[in-house]
Amino acid sequence: VLAFHLFSWVHVPLGYFNIGYVGVDLFLFLSGFGLYHSYNRNTIFRFYRSRIIRIYPLYIIGVLTTWLLFNTGWGFEGLINNITTVGYYVNGGGESL
């Protein structure tokens, strides 16, 4: 997939090897397969709790980094809207990453 996108801006005659788009389908299938099995092994509370514990801290780091380094103009209210993800619903997606 990486090679497919890396050379997509120039014409490279890869012939039968030009199938990088298949990687996206494979990734979505395997992700869904893994989520299905994880959901079946856990209660719904444990399933969502493990997802939040794994994803949300990185999300907060990303939002804070964007807010501090790139002067997004959000202000403090925009920062809180993004960290809590309320900004998407309040502003119709206007102040979300």
Side-chain angles (χ1 to χ4, degrees):
V1 173
L2 181 64
F4 177 78
H5 285 96
L6 184 64
F7 296 112
S8 66
W9 60 278
V10 291
H11 177 67
V12 178
L14 295 175
Y16 292 113
F17 296 107
N18 195 9
I19 57 169
Y21 56 87
V22 175
V24 174
D25 298 335
L26 186 61
F27 171 77
L28 290 174
F29 174 76
L30 292 175
S31 295
F33 189 75
L35 286 172
Y36 168 77
H37 282 289
S38 178
Y39 179 77
N40 278 339
R41 282 183 290 165
N42 298 310
T43 64
I44 193 158
F45 175 77
R46 286 184 62 199
F47 175 78
Y48 281 109
R49 189 188 77 184
S50 67
R51 296 298 168 284
I52 289 170
I53 289 171
R54 186 177 304 155
I55 295 170
Y56 199 67
L58 293 173
Y59 174 74
I60 291 174
I61 291 169
V63 169
L64 287 173
T65 303
T66 303
W67 188 65
L68 291 172
L69 294 179
F70 300 111
N71 192 14
T72 57
W74 294 340
F76 187 71
E77 180 184 353
L79 175 67
I80 298 302
N81 282 343
N82 274 292
I83 287 178
T84 60
T85 68
V86 172
Y88 183 78
Y89 302 103
V90 172
N91 300 320
E95 286 191 5
S96 56
L97 288 174

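Looking at residues two or more places apart in sequence or on another chain, you find no ring-ring contact (aromatic ring centres under 6.0 Å, His included) involving Tyr48.
Under the 4.5 Å side-chain contact rule for hydrophobic residues, Ile53 and Tyr59 do not share a cluster. Under the 4.5 Å side-chain heavy-atom criterion for ILVMFWY residues, a single connected hydrophobic cluster contains both Trp74 and Phe76. Residues Tyr56 and Phe47 fall into different hydrophobic clusters, defined by Ile, Leu, Val, Met, Phe, Trp and Tyr side chains chained together at heavy-atom separations under 4.5 Å.
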Donor-acceptor pairs under 3.5 angstrom involving side-chain atoms of residues 23-39: please list them, not counting sequence neighbours.
from  : atom 1 : to    : atom 2 : distance (Å)
Ser31 : OG     : Phe27 : O      : 2.9
Tyr36 : OH     : Asn40 : ND2    : 3.1
Ser38 : OG     : Arg51 : NH2    : 2.9

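Between Leu79 atom CG and Leu68 atom CG the span is 8.0 Å, to the nearest 0.5 Å. Residue Ile61 holds its CD1 atom at 11.5 Å from OG1 of Thr66, rounded to the nearest 0.5 Å. Here Leu69 contributes atom CG and Leu64 contributes atom CG; the two are 10.0 Å apart, rounded to the nearest 0.5 Å.
Nearest heavy atom pair, residue Arg54 against residue Leu58, reads O-CD1, 4.0 Å.
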